Amino acid sequence: QVQLVESGGGLVQPGGSLRLSCAASGSIFNINTMGWYRQAPGKEREPVATVIIGGNTNYADSVKGRFTISGDFAKYTVTLQMISLKPEDTAVYYCYARRPYGITFLDSWGQGTQVTISS
């Protein structure tokens, strides 16, 4: 059982910056992936960025060059630095963590934090 708590969401103007943070607790010893998804009204939840314990990162095409994910697997925290924010970045952002479970895995999700980009 993993608990994830996000922080850092809010309202910023287009072109602004925001940093999201997430901390994991509970059964965290074998987490090997952490990252962020987002869901805008009327849209599917989509992956934004992930980082694997070995250091590999993945980004959605829509955020490449603007978002940077950093993971600390000693502390089980993950941060998403967002710059040059656009109105289309408006969404609820969810932290997630993945850990192995036999031949498959278990995913855990935070409650979500609202990010709104508007003038």
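Every value quoted in this text rests on a predicted model; they were computed, and no experiment measured them.
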Return the [atom1] to [atom2] distance between [X] and [Y], rounded to the nearest 0.5 Å.
| X | Y | atom1 | atom2 | answer |
| --- | --- | --- | --- | --- |
| Ile28 | Gln3 | CD1 | CD | 9.5 Å |
| Thr50 | Trp36 | OG1 | CH2 | 13.0 Å |
| Met34 | Cys22 | CE | SG | 4.5 Å |
| Asp89 | Ile117 | CG | CD1 | 6.0 Å |
| Phe67 | Ser84 | CZ | OG | 9.5 Å |
| Ile83 | Thr68 | CD1 | OG1 | 6.5 Å |

For the residue pair [X] and [Y], what are the closest heavy atoms and their distance?
| X | Y | result |
| --- | --- | --- |
| Lys75 | Asp72 | CE-OD2, 2.9 Å |
| Phe73 | Val51 | CZ-O, 3.5 Å |
| Ser62 | Arg38 | OG-NH2, 3.3 Å |
| Glu6 | Thr113 | CB-CG2, 4.0 Å |
| Ser27 | Val2 | O-CG2, 3.1 Å |
| Lys64 | Tyr59 | CE-O, 3.3 Å |

Checklist entry - Donor-acceptor pair, Gln114 side chain versus Gly9 backbone, under 3.5 Å? => result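 No, because the side chain of Gln114 does not come within donor-acceptor range (under 3.5 Å) of the backbone of Gly9.
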Checklist entry - Are more than 12 heavy atoms from other residues, nucleotides or ligands located less than 6.0 Å from atom CD of Gln39? => result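 Counting other residues, nucleotides and ligands, CD of Gln39 exceeds 12 neighbours.
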Checklist entry - Is the number of heavy atoms from other residues, nucleotides or ligands within 6.0 Å of CD (Gln1) greater than 12? => result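 Open.
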Next on the checklist: Would Thr90 and Ser118 count as a side-chain contact (heavy atoms from CB on, under 4.5 Å) here? Give the steps.
Outcome noted: CA-CA 8 Å; Thr90 296; Ser118 177; 6.0 Å; no
Item to check | Ser119: partners by side-chain contact (heavy atoms from CB on, under 4.5 Å), with sequence neighbours left out | outcome: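 Partners of Ser119 under the side-chain contact (heavy atoms from CB on, under 4.5 Å) test: Pro14.
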Is it true that [X] and [Y] fall in one hydrophobic cluster, defined by side-chain heavy atoms closer than 4.5 Å?
| X | Y | answer |
| --- | --- | --- |
| Tyr94 | Leu18 | no |
| Tyr76 | Val5 | no |
| Ile69 | Val92 | no |

Checklist entry - Side chains of Gln81 and Thr79: do they bring a donor and an acceptor to under 3.5 Å? => result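 No pair is found: no donor N or O on one side chain lies under 3.5 Å from an acceptor on the other.
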Next on the checklist: Does the plane of the ring in Tyr96 sit parallel, tilted or perpendicular to the ring in Tyr37? Use 30° and 60° as the thresholds.
Outcome noted: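 Rings of Tyr96 and Tyr37: perpendicular, as their planes differ by over 60°.
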Checklist entry - Is there side-chain contact between Met82 and Val115, with heavy atoms separated by less than 4.5 Å? => result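 Heavy-atom side-chain distance check passes, below 4.5 Å.
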Checklist entry - So which of Thr33, Asn30, Asn32, Asp107 actually passes side chain to side chain donor-acceptor pair (under 3.5 Å) with Arg98? => result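 Result for side chain to side chain donor-acceptor pair (under 3.5 Å) with Arg98: Asp107.
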